Amino acid sequence: LSTVVSSSYIVPVVGIAARRPPLRASAAEVERILWVPLADLARDDTFREEKWGAAPLDRRVFFFDLDDETVWGATARMLHQLLRIVHHIDGEPPDAL
């Protein structure tokens, strides 16, 4: 996943663990660590998308509106992609950020 704003290239890694690992947030990287079940991300009232920018440079931006937080940007793109894989949704992936 590449990002325009930070010019970063992110490689998400997904795994299965016997229990939740202890995590420490790096203040320079993240504001907060969230533990969110995939079922919560897939609820009908959680996901939304917006078009940002003007054509031809407009792009889709994804949002997951959780109970006490909104996840968006690169994190939301990764979660959207993960849900597509988990739910076997084929087709073209969303446009790059």
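For this chain, numbers begin at 1 and follow the sequence in order. Here the structure is a predicted model, which means the values were calculated and not measured.
- T70 is linked by a side-chain hydrogen bond (donor to acceptor under 3.5 Å, both in side chains) to D65, counting only residues two or more places apart in sequence or in another chain.
- For the side-chain contact (heavy atoms from CB on, under 4.5 Å) with L83, the qualifying choice from H87, Q81, H80 is H87, the only one to do so.
- F64 meets the ring pair (Phe, Tyr, Trp, His ring centres under 6.0 Å) test with F47; sequence neighbours excluded.
- One distance of note links CG of L79 with CG of L38; it measures 8.5 Å at 0.5 Å rounding.
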### Message
I'd like to know whether L23 forms a side chain to side chain contact (heavy atoms under 4.5 Å, CB included) with W35, so could you lay out the CA-CA distance, the side-chain angles of the two residues, the decisive distance to 0.1 Å, and finally the verdict.
### Response
CA-CA 11 Å; L23 302 176; W35 294 99; 3.6 Å; yes
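- Closest approach of G53 and D58 over heavy atoms only: O-CB, 3.5 Å.
- In this structure, the separation between CD on E49 and CZ on R77 is 10.5 Å, given to the nearest 0.5 Å.
- With sequence neighbours excluded, no residue forms a side-chain contact (heavy atoms from CB on, under 4.5 Å) with P56.
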### Worked check of side chain to side chain contact (heavy atoms under 4.5 Å, CB included) between R60 and K51
CA-CA 5 Å; R60 294 163 53 190; K51 280 255 189 200; 4.3 Å; yes
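- Sorted by first then second residue, the side-chain hydrogen bond (donor to acceptor under 3.5 Å, both in side chains) pairs that include residues 36-46, not counting sequence neighbours, are R43-D45, R43-T46.
- Placement of V14 and L41 within a single hydrophobic cluster is found when ILVMFWY residues are connected by side-chain heavy-atom separations under 4.5 Å, directly or transitively.
- For residues 13-27, no pair satisfies salt bridge (charged side-chain N to carboxylate O under 4.0 Å, His left out), with sequence neighbours left out.
- R32 pairs by the salt bridge (charged side-chain N to carboxylate O under 4.0 Å, His left out) definition with D68, E69, not counting sequence neighbours.
- Nearest heavy atom pair, residue A25 against residue V30, reads CB-CG2, 3.4 Å.
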